[in-house]
Asker: 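Here you go, one structure.
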Amino acid sequence: MDEQSIKPLIGSALAQRRLSLHGKTALVTGASSGIGLAVSVKLAMEGCNLNLVARRKDRLIELKRELLHLNPGLQIKIIELDVTNKNCGNELDSLNATDVDILVNNAGLAAGFAKIVESNPDDWSKMLETNVSAAFEISRRVASKMILKNSGDVVVLSSVAAHYSYDNGAVYCATKHAIKAFHEALRLETLEHGIRVMMVSPGMVETEFSVVRFAGDQNRANSVYQGIQALDAGDIAESILFALQQPRHINLDEIIIKPQQQGNPWKVYRNP
């Protein structure tokens, strides 16, 4: 390789390639806790205006106050909303909350941990309504607005469960397989509109996830992460920020991120 061919490579390697998100408008669902909260903080620090969606208004009010303390110049709208509400899409439209540059479609949950024949169909409904119907509808609403302006980023929170089905979690795994399939299709359908569709699929993240899955049983939730340095919400938020800050010709279709001690959902090394 001669000097003339090396110089452009060096120049490319040294170039600042991170996109600025300053002044962009983001919509974050499930913003009151966990990954949604961590992403909101990261985006606020980058100068993004925010539409924060969650069921718990008191937490949203506190989050808005803290974010404005971090960056007083931001425009932050809080939206108290259950994404499983049948009128969720209409309510977001009426608030102009779907006219955004970045969607972080984060709201989701696991309910119950049991064999299929012993599981509760009410738990199935919760997961299907939140992880599938609501996630699909929000992505559809936001993408339709992004198509009109030929620009935008859709980031969806999935899970390693989209790749590995495991016993006692059949319906949760099924919802994440559905999310993966839906957003892969959305990516194909929006190529010509300059829209990036990206998915982040975490493994074990220590948030409220297991507390919700086990119906508030904190001891059982704690046992999930015993003997392992699990990921935290900030780890996932940092990955999302990295994906969003890539030059626009780069689409990180999926980031799969797990703790070093986790090989897959059922293979985990725990410290003695």
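The model shown is predicted, which means the values in this text are computed figures rather than measured ones.
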Asker: Quick test of your reading: applying side chain to side chain donor-acceptor pair (under 3.5 Å), list the pairs with at least one residue in residues 146-155, sequence neighbours left out, ordered by first then second residue.
Answerer: Asp101-Lys149, Asn150-His193, Asp153-Arg196, Asp153-Arg248
Asker: Given 3.5 Å as the limit, does a donor-acceptor pair link the side chain of Thr130 with the main chain of Gly108, or not?
Answerer: no
Asker: Ignoring hydrogens, what is the shortest heavy-atom contact between Pro265 and Val160? Give both atom names and the distance.
Answerer: CG-CG2, 4.0 Å
Asker: With Lys145, which residues qualify under side chain to side chain donor-acceptor pair (under 3.5 Å), at least two apart?
Answerer: Thr98
Asker: Is Ile257 linked to Tyr269 within one hydrophobic cluster, defined over Ile, Leu, Val, Met, Phe, Trp and Tyr using a side-chain heavy-atom separation of less than 4.5 Å?
Answerer: no
Asker: Quick check: is Met198 connected to Val28 through a chain of hydrophobic side chains (ILVMFWY, heavy atoms under 4.5 Å apart)?
Answerer: yes
Asker: Any side-chain to backbone donor/acceptor pair from His177 onto Cys173? Under 3.5 Å, distance only.
Answerer: yes
Asker: Under the criterion side-chain hydrogen bond (donor to acceptor under 3.5 Å, both in side chains), which of Arg187, His183, His163 is the partner of Glu254?
Answerer: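 Answer to the side-chain hydrogen bond (donor to acceptor under 3.5 Å, both in side chains) test with Glu254 among Arg187, His183, His163: His163.
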Asker: For Arg270, enumerate each residue passing the side chain to side chain donor-acceptor pair (under 3.5 Å) test, keeping only those at least two apart in sequence or located in another chain.
Answerer: none
Asker: Under the rule for side chain to side chain donor-acceptor pair (under 3.5 Å), what residues qualify as partners of Lys180, not counting sequence neighbours?
Answerer: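 If we apply the side chain to side chain donor-acceptor pair (under 3.5 Å) test to Lys180, skipping adjacent residues, the hits are Glu184.
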Asker: When clusters are formed by joining ILVMFWY residues with side-chain heavy atoms under 4.5 Å apart, either directly or through shared neighbours, do Ile102 and Leu148 land in the same one?
Answerer: no
Asker: Would you name the heavy atoms of Ser158 and Lys176 that are closest together and state the gap between them?
Answerer: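 Scanning both residues, the minimum pair turns out to be OG-O, 3.8 Å.
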Asker: To check you understand the geometry: which heavy-atom pair defines the closest contact between Tyr172 and Ala161, and what is its length?
Answerer: CE2-CB, 3.8 Å
Asker: For the hydrophobic clusters of this structure (ILVMFWY residues joined by side-chain heavy atoms under 4.5 Å, transitively), does one cluster hold both Met199 and Val155?
Answerer: no
Asker: Looking only at heavy atoms, what is the nearest atom pair of Trp124 and Ser119, with distance?
Answerer: NE1-OG, 2.9 Å
Asker: How long is the straight-line distance from NZ of Lys115 back to CG of Asp167, given to the nearest 0.5 Å?
Answerer: 8.0 Å
Asker: Under the criterion side-chain contact (heavy atoms from CB on, under 4.5 Å), I'd like the reasoning laid out for Ile236 against Ile255: C-alpha separation, chi angles, the key distance, then a yes or no.
Answerer: CA-CA 10 Å; Ile236 310 307; Ile255 299 174; over 6 Å; no
Asker: Counting C-beta onward and ignoring hydrogens, is there a side-chain heavy-atom pair between Glu62 and Arg65 closer than 4.5 Å?
Answerer: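 A side-chain contact exists here, since the closest heavy-atom pair is under 4.5 Å.
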Asker: For Arg140, what residues pass the side chain to side chain contact (heavy atoms under 4.5 Å, CB included) criterion, not counting sequence neighbours?
Answerer: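 Only Glu137 meet the side chain to side chain contact (heavy atoms under 4.5 Å, CB included) criterion with Arg140.
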Asker: Please give the remaining members of the hydrophobic cluster of Val211, linking ILVMFWY side chains under 4.5 Å, ordered by chain and number.
Answerer: none
Asker: Could you state the interatomic distance from CG (Leu21) to CG (Leu244), rounded to the nearest 0.5 Å?
Answerer: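 Result: 6.0 Å between the selected atoms.
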Asker: With a 4.5 Å limit on heavy-atom distance, are the side chains of Ile35 and Phe209 in contact?
Answerer: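 No - every pair of side-chain heavy atoms lies 4.5 Å or more apart.
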Asker: Mind listing the side-chain donor-acceptor pairs of residues 225-234 below 3.5 Å, one per line with the distance, residues two or more places apart or on another chain?
Answerer:
unit_1	atom_1	unit_2	atom_2	d
Tyr225	OH	Val205	O	3.1
Tyr225	OH	Ser210	OG	2.9
Asp232	OD1	Gly234	N	3.0
Asp232	OD1	Asp235	N	3.0

Asker: For Asp122 and Asn120, which heavy atoms make the closest approach, and how far apart are they?
Answerer: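 Looking at all heavy atoms of both residues, the shortest contact is N-OD1, 2.8 Å.
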Asker: Do the side chains of Asn90 and Arg141 get nearer than 4.5 Å, heavy atoms only?
Answerer: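 SC-SC contact between Arg141 and Asn90 confirmed.
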Asker: Using the side chain to side chain contact (heavy atoms under 4.5 Å, CB included) criterion, which residues pair with Leu68? Sequence neighbours excluded.
Answerer: Lys64, Leu74, Ile76
Asker: Can you pull out every side chain to side chain donor-acceptor pair (under 3.5 Å) where at least one residue sits in residues 46-55? Sequence neighbours excluded, please.
Answerer: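 Checked against side chain to side chain donor-acceptor pair (under 3.5 Å) - neighbours excluded - the pairs reaching residues 46-55 are Glu46-Gln245.
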Asker: Which atoms form the tightest heavy-atom contact between Ser40 and Leu50, and what is the distance?
Answerer: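 Nearest heavy atoms, Ser40 then Leu50: O-CD1, 3.7 Å.
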Asker: Please round to the nearest 0.5 Å and tell me the distance separating atom OG1 of Thr175 and atom CG of Leu109.
Answerer: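 It is 8.5 Å, given to the nearest 0.5 Å.
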Asker: How does the hydrophobic cluster around Leu186 look, that is, which other residues are in it when side-chain heavy atoms under 4.5 Å mark a link?
Answerer: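 Leu27, Val53, Ile79, Leu81, Val83, Leu92, Leu95, Val100, Leu103, Ile138, Val142, Met146, Ile147, Val154, Ile195, Val197, which link up through side-chain heavy atoms under 4.5 Å apart, make up the rest of the cluster.
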Asker: Just verifying a value: how many Å separate Lys77 NZ and Asn96 CG, rounded to the nearest 0.5 Å?
Answerer: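 CG of Asn96 is found 6.0 Å from NZ of Lys77.
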Asker: Between the side chain of Lys258 and the main-chain N/O of Asn264, is any donor-acceptor distance below 3.5 Å?
Answerer: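 It does not hold such a pair.
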Asker: If only atom types and distance count, is the side chain of Asn106 paired as donor or acceptor with the main-chain N or O of Thr29 below 3.5 Å?
Answerer: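 Here the side-chain-to-backbone pair exists.
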Asker: To the nearest 0.5 angstrom, please state how far the CD atom of Glu208 sits from the OG atom of Ser32.
Answerer: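 Interatomic distance, Glu208 CD to Ser32 OG, rounded to 0.5 Å: 7.0 Å.
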Asker: Among residues at least two apart in sequence or on other chains, which ones pass side chain to side chain contact (heavy atoms under 4.5 Å, CB included) with Asp58?
Answerer: Arg56
Asker: Do other residues, nucleotides or ligands put more than 12 heavy atoms under 6.0 Å from the CD1 atom of Ile250?
Answerer: yes
Asker: So how far is it from Ser139 OG to Ile179 CD1, rounded to the nearest 0.5 Å?
Answerer: 8.5 Å
Asker: Under 4.5 Å between any side-chain heavy atoms of Phe214 and Val224, yes or no?
Answerer: yes
Asker: Honestly curious: do Ile78 and Leu67 fall in one hydrophobic cluster under the side-chain, below-4.5 Å linking rule?
Answerer: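 In one cluster: yes.
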Asker: Which residue pairs satisfy the side chain to side chain donor-acceptor pair (under 3.5 Å) criterion with at least one member in residues 211-220, sequence neighbours excluded?
Answerer: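 Listed once each, the pairs are Tyr166-Arg213, Gln218-Asn222.
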Asker: Flag yes if more than 12 heavy atoms outside Glu192 fall under 6.0 Å of its CD atom; otherwise flag no.
Answerer: yes
Asker: Would you say Met45 and Asn71 make side-chain contact, with heavy atoms under 4.5 Å?
Answerer: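 The answer is no, as the side chains (C-beta and beyond) never meet within the 4.5 Å cut-off.
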